[in-house]
Amino acid sequence: MKFATKVIHAGIEPDPSTGAVMTPIFQTSTYAQAAPGDHKGYEYARTQNPTRSTLEKNLAALENGVDAICFGSGLAAQDAVTKLLQAGDEIVAVNDLYGGSYRQMVRVYGPWGLKSRFVDLYTAENLEQEIGPDTKLIWIETPTNPMLNIVDIEAICTIARKHGILTCVDNTFASPYLQNPLDLGADIVLHSATKYIGGHSDVVHGCLVVKDPALAERLHFIQNASGAVPGPMDCFLVLRGIKTLHLRVQRACENAEIIARHLAQHPKVAKVFWPGFENHPNHAIAKKQMRMFGGMVSFDLKENTLENATKVLSSTHLFTLAESLGGVESLIGHPASMTHASIPREARLKVGLTDSLIRLSIGVEDVTDLIADLDAALELV
Ligand SMILES: *Cc1c(COP(=O)(O)O)cnc(C)c1O
C-alpha cells in the first residue's frame with residue numbers, strides 16, 4: 001500500500017458487530033468475560049481498547065513498523081522510552097531539542113540518576129567521541145525545534161548500532177508523510193500526535209512505533225504498568241486526523257516553501273531557517289531523508305530586539321500567537337519565552353535561539369493571505 005492509501009485503510013476494518021465504517025469510540029473501562037479468562041482479547045481498558053488498537057495498527061503502517069504504542073501525550077511516550085533505561089545509564093541527545101523533552105530528561109530523570117548530555121550531532125561523526133560506557137540511548141530530533149537543523153538519521157543509527165545502543169527519533173516535525181526513521185535504521189520513532197498527525201489542534205496524544213516485536217512487548221508492558229494511556233475519544237480524533245495527513249502536510253510544505261523564500265528577501269528579515277534552502281548547512285541530508293522540507297519556518301529580524309519580535313508576534317491576524325504546531329491553521333510563536341523557556345538562556349543562545357527568533361507553523365490556508373499578514377506585521381518594526 002502507498003502512503004495515501006495507508007492513511008485511509010491500514011489496520012482499519014468496518015466494525016464487525018455493526019458494520020460501522022468509522023472506528024467506533026469504545027468508551028468502556030472493562031469487557032464482559034464468558035468465564036474467567038474467556039474473553040475476546042480485551043480485559044481492561046488500560047491494557048487494551050479497540051479504538052486505540054486500530055490507531056496503533058494504522059500508525060505502525062504509516063512508519064513501516066511492526067507495532068505502535070499510543071500514549072496520553074508525546075511526553076508520556078518519551079517517558080516510556082526512558083523507562084527502558086536504569087539509573088546510571090546515559091542518554092546522548094541532540095542539542096537543539098524540544099524544551100519539554102529536555103526538561104523531562106534533566107529535571108525528572110536527572111534526580112533519579114539518569115545522565116543526559118546534549119551535543120552537536122549535525123556532523124554525525126561527532127557521535128563516535130560522545131559515546132561512553134554508560135550510553136544506552138541516542139535521542140535525535142530532525143528537523144530540530146526551532147532552529148530547523150537536520151540530523152543524518154541513517155549515519156547516526158549506523159554508529160549507534162555498531163555500539164549496540166538504541167536510537168529513538170522524535171519525528172514530530174517531519175510527520176510520517178515526509179520521513180520514516182525506522183527505514184533509516186532507527187529502533188524507535190516517537191510522535192507528538194498532538195501536532196501533524198492529529199493535525200487539527202484539538203487533541204493531545206503521543207505514540208511510539210517500533211520494528212522489533214520484543215521491544216514492542218517491553219513498551220506495551222511499560223505502558224500498561226505505568227498507565228499513561230490515551231482515552232478512546234482522543235484515539236478517534238487522531239484516527240480522523242490521519243485520514244488527511246498527506247493532503248495537509250503536502251499543502252503546508254508548499255506554503256512553507258513560498259513563505260521561506262519570501263521572508264529570505266524581505267528587508268526587515270536577517271535570516272530564515274528552513275531546510276529547503278540550497279545553502280542550509282545540511283540541505284543535502286534533508287533532501288536525502290525527507291520527501292519535502294516540512295511546514296516549519298523560523299526567522300530572525302535584522303533589528304533583532306525582543307521589542308521588535310514582540311511587535312510582530314502581537315500584530316498578525318491569521319497567524320495566531322500560540323504554542324504548538326502542525327495544525328491546519330498557521331501559528332506564530334516565540335521559542336525563547338514559550339516552547340523553550342525551560343532551557344537556560346546561555347544554552348539557547350549557544351544554538352542560535354535568540355530572544356528575537358520567531359517560529360512559524362505554516363497551515364493550509366491560502367498562501368497569499370498568509371504572506372500579506374506577515375508583511376503587515378513586519379511593516380511595524
Ligand atoms: C510537542 C512536542 C513534543 C511533546 O509532545 P506533547 O504531545 O505535547 O506531550 C515532543 N517533541 C516535539 C518535537 C514536540 O513538538
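Note that ligands are numbered from 1 as they come in the structure, with each ligand's atoms numbered from 1 the same way.
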Using a 3.5 Å cut-off on N or O atoms only, is [X] in polar contact with ligand 1?
X	value
N145	no
G74	yes
S192	yes
L75	yes

Measuring only between side-chain heavy atoms, which start at C-beta, is [X] closer than 4.5 Å to [Y]?
X	Y	answer
M292	E254	yes
V312	L380	no
N282	D152	no

Quick test of your reading of the model: are R161 and E154 salt-bridged, counting only N-O distances below 4.0 Å?
no

Less than 4.0 angstrom from a charged side-chain N to a carboxylate O is my criterion; do E346 and K350 meet it?
no

Residue and atom name of the nearest protein heavy atom (relative to atom 2 (C) of ligand 1), distance in Å to one decimal:
K195 NZ, 2.5 Å

Could you find the nearest protein heavy atom to atom 4 (C) of ligand 1 and give me its residue, atom name and distance?
Y98 CE2, 3.4 Å

Should the ring pair Y177 and F3 be called parallel, tilted or perpendicular, given that the plane angle runs from 0 to 90° and is split at 30 and 60?
tilted

In terms of its nearest heavy atom to atom 11 (N) of ligand 1, the top option of N171, T194, D170 is D170

Atoms of ligand 1 close to E141 [distance to a heavy atom under 4.0 angstrom, numbered from 1]:
13 (C)

